[in-house]
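Sequence positions, counted from 1, serve as the residue numbers for this chain. All values below come from the heavy atoms of this structure, side chains included, with hydrogens, waters and symmetry mates left out.
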Amino acid sequence: ATYQYMSPVLCIGEEQPKNWFTELQVLKGHFDIVRFLVQIDDFRCASAGDDGLVLVWNVETGERLQELRGHSQQITAMTTFTCNKGGASHTSLITASSDRSLSLWDPDTGHRVQTISDLQSSVKCLLVLERLCVWVSGAEELCVWNEDFQLQCQSQNHSDAGITALIELPKNCIAAAVDKDIVRRSTGSSVKFKPAFPRYLRKDSSTSSSDGLFASGSHASELILWDAIDWNIHGYEHILWEESQVGAQPEIRLAAHKPSEMSIQHLTTNGRHILAAVGGGLYVYSVLSKAVVAYRKCAHDSNVLHTMLASDSQLMSCSEDGSLRMWEIQDLPLPGEPASSGFFGMWTFGRSNKPPGVAPKKAAEAAGIRTLELTGDLIGHSGAVQMFVSFGESGLVTCSTDHLLILWKNGERQSGLRSRALFHKLEESGGL
């Protein structure tokens, strides 16, 4: 018989001294899955999803400020667009939908300012180039638009799969993920670059990095660090599935792994490190040393959907399992997951120039590898947590397949704010 591999149960006690998100506020308003969150300014965010609605919220009070209606089908992408005119700056919202339209919204009034309808295909990703005051939409075609929603240039026929990710590069160039390829687009020309490693780039799996570099992640668990100017490979990591040894008779054997367990679901960076979500695991890659420096193979029970590097030692992740988790990089492996039987027992990192037939690295050979300690477990959603946005001291917002948003707050800070507000009110009424 073949038995499914069961990951160790990851628990944290009721005492979570490093988790200051001790107060939550549930925000209702959507009628279907909420997939997107964007920060508008220091106190507002916008949410959108499969109901076609865009809602604007005050993250300090939880108040719904605006309800933007206009799309007839689900939202497929959303971003903010800030343009300076005559010294004045104003932030708008751009949304794309399965109804093959693009809309520009004023989040202050809730009005739809511009609309582009009857596109050739649904837009899957948006990119704003604020320095040039233009924005880019990616679908089966790549289009560049100005602030007035006028088409500046267009590049067509990027395969049936379409463009799934866009990032800005130096010298007014854009990198687009198209099926197995990366396409570089500049003014008046398009260069298709076919890398030596087959890849399927996912939405949100391309992220800008530091020193003229950018990273890409694939369905085949490849993480590649590219030079943004000459497109040379500066770093390569491949997470490999290590089969059990021939003749070994383990008490529990591994069933065939799912493709999602090998897929890089999300990448984020702070310029020094890149955080990669692979299946339900998390891997911290150093841009300087070009190697993975910390990991947690079973960070979540299901696929990780979104991540954030709060600092070089602290990070956050959310998952299909409905949880939002806080992590801290530690020097020593956790007692429940020793390095010898954890990550390097079943996974290994290879390099692009690694000779074939070389045995996978074991823990003893991987000096300096660290682990991730769970410091906070935020449970509130009944469905997959799609993404989250941090507002610093004001807290953070999550969205989910349960149609809800949750505003997570610092309970101690909120208690202090309420006490000061009550004291001020009593002072004004002469109660003190």
Side-chain angles (χ1 to χ4, degrees), residues 18-21 37-39 41-42 45 79-80 125 127-131 165-170 175 177 201-218 222-229 233-237 239 264-278 281-296 299-300 304-319 324-331 349 368-376 378 385 387-398 408:
K18 296 182 180 180
N19 176 14
W20 49 268
F21 296 108
L37 293 170
V38 295
Q39 181 174 351
D41 49 35
D42 291 341
C45 77
T79 189
T80 56
C125 49
L127 174 67
V128 172
L129 309 178
E130 291 188 2
R131 182 175 55 84
L166 291 166
I167 58 170
E168 182 179 4
L169 299 180
L201 286 152
R202 296 176 61 91
K203 182 178 182 181
D204 292 326
S205 286
S206 292
T207 180
S208 296
S209 188
S210 61
D211 300 324
L213 304 175
F214 74 96
S216 65
S218 77
E222 296 167 311
L223 171 63
I224 298 182
L225 196 61
W226 302 87
D227 187 297
I229 303 296
I233 295 177
H234 275 237
Y236 174 84
E237 293 288 354
I239 302 174
I264 295 182
Q265 311 288 340
H266 191 264
L267 288 177
T268 189
T269 182
N270 60 7
R272 297 173 299 279
H273 293 93
I274 298 170
L275 175 58
V278 184
L282 297 169
Y283 306 90
V284 181
Y285 178 88
S286 170
V287 175
L288 180 63
S289 64
K290 297 180 177 57
V292 169
V293 294
Y295 72 95
R296 186 84 196 203
H300 287 269
V304 177
L305 300 179
H306 192 77
T307 60
M308 180 185 76
L309 278 164
S311 67
D312 283 345
S313 61
Q314 295 177 322
L315 50 110
M316 300 186 73
S317 58
C318 66
S319 164
L324 173 68
R325 289 179 169 174
M326 304 167 61
W327 305 91
E328 187 173 83
I329 297 178
Q330 283 202 340
D331 288 330
F349 286 95
I369 283 285
R370 305 161 83 187
T371 190
L372 303 178
E373 178 196 9
L374 182 63
T375 58
L378 283 62
V385 181
M387 68 175 299
F388 57 90
V389 172
S390 174
F391 283 82
E393 287 189 348
S394 297
L396 61 86
V397 185
T398 54
W408 304 86

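Residue Met387 holds its CE atom at 10.0 Å from OG1 of Thr307, rounded to the nearest 0.5 Å. For the atom pair CG of Leu305 and SG of Cys318, the computed distance is 5.5 Å after rounding to the nearest 0.5 Å. The line from CZ of Phe214 to CG of Leu169 is 5.5 Å long, rounded to the nearest 0.5 Å. Going from atom CH2 of Trp226 over to atom CD1 of Ile167 covers 11.0 Å, rounded to the nearest 0.5 Å. Ser311 contributes atom OG, which lies 10.0 Å from atom NE2 of His273 (distance to the nearest 0.5 angstrom). Rounding to the nearest 0.5 Å places CG of Asp331 at 12.0 Å from CD1 of Ile369.
Classified by interplanar angle (parallel below 30°, tilted 30° to 60°, perpendicular above 60°), the ring pair Trp327/His300 is perpendicular. Ring geometry for His306 versus Phe388: interplanar angle over 60°, hence perpendicular rather than tilted (30 to 60°).
Using modelled atom types, one side-chain atom of Arg296 and one backbone atom of Leu372 make a donor-acceptor pair closer than 3.5 Å. A donor-acceptor pair is defined here as one N or O able to donate and one able to accept, closer than 3.5 Å; such a pair exists between the side chain of Arg325 and the backbone of Ala299.
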Start with the C-alpha gap between Leu324 and Leu396, add the side-chain angles, then the distance that decides, and say whether side chain to side chain contact (heavy atoms under 4.5 Å, CB included) holds.
CA-CA 11 Å; Leu324 173 68; Leu396 61 86; 3.5 Å; yes
Evaluate side chain to side chain contact (heavy atoms under 4.5 Å, CB included) for Leu225 paired with Ile274, printing each intermediate quantity in order.
CA-CA 10 Å; Leu225 196 61; Ile274 298 170; 3.8 Å; yes
Take Tyr236 and Glu222 through the side chain to side chain contact (heavy atoms under 4.5 Å, CB included) test and state the conclusion after the steps.
CA-CA 7 Å; Tyr236 174 84; Glu222 296 167 311; 3.3 Å; yes
What's the verdict on side chain to side chain contact (heavy atoms under 4.5 Å, CB included) for Ser317 and Val304, showing C-alpha distance, side-chain angles and the deciding distance?
CA-CA 7 Å; Ser317 58; Val304 177; 4.0 Å; yes
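Among all heavy-atom pairs drawn from Ala228 and Pro170, the shortest one is CB-CD, 3.5 Å. Counting all heavy atoms, side chain and backbone alike, Leu267 lies closest to Ala276 at CD2-CB, 3.5 Å. The two residues Tyr285 and Glu237 come nearest to each other via the heavy atoms CE1-CG, 3.2 Å. Heavy atoms only, all atoms of each residue included: Glu393 and Trp20 are closest at O-CZ3, 4.4 Å.
Taking the side chain as every heavy atom from C-beta outward, Val389 and Cys45 never approach each other to under 4.5 Å. A heavy-atom distance below 4.5 Å is not found between the side chains of Leu275 and Tyr283. Inter-residue side-chain proximity for Val287 and Leu213 is flagged as met; some heavy-atom pair is nearer than 4.5 Å. Between Ile264 and Leu223 the shortest side-chain heavy-atom distance falls below 4.5 Å. At least one side-chain heavy atom of Leu378 sits under 4.5 Å from a side-chain heavy atom of Asn19. The shortest side-chain heavy-atom distance between Arg272 and Leu288 does not fall under the 4.5 Å cut-off. The side-chain heavy atoms of Lys18 and Glu328, taken from C-beta on, include a pair separated by under 4.5 Å.
Heavy atoms from other residues, nucleotides or ligands lying under 6.0 Å from CD1 of Ile229 number more than 12.
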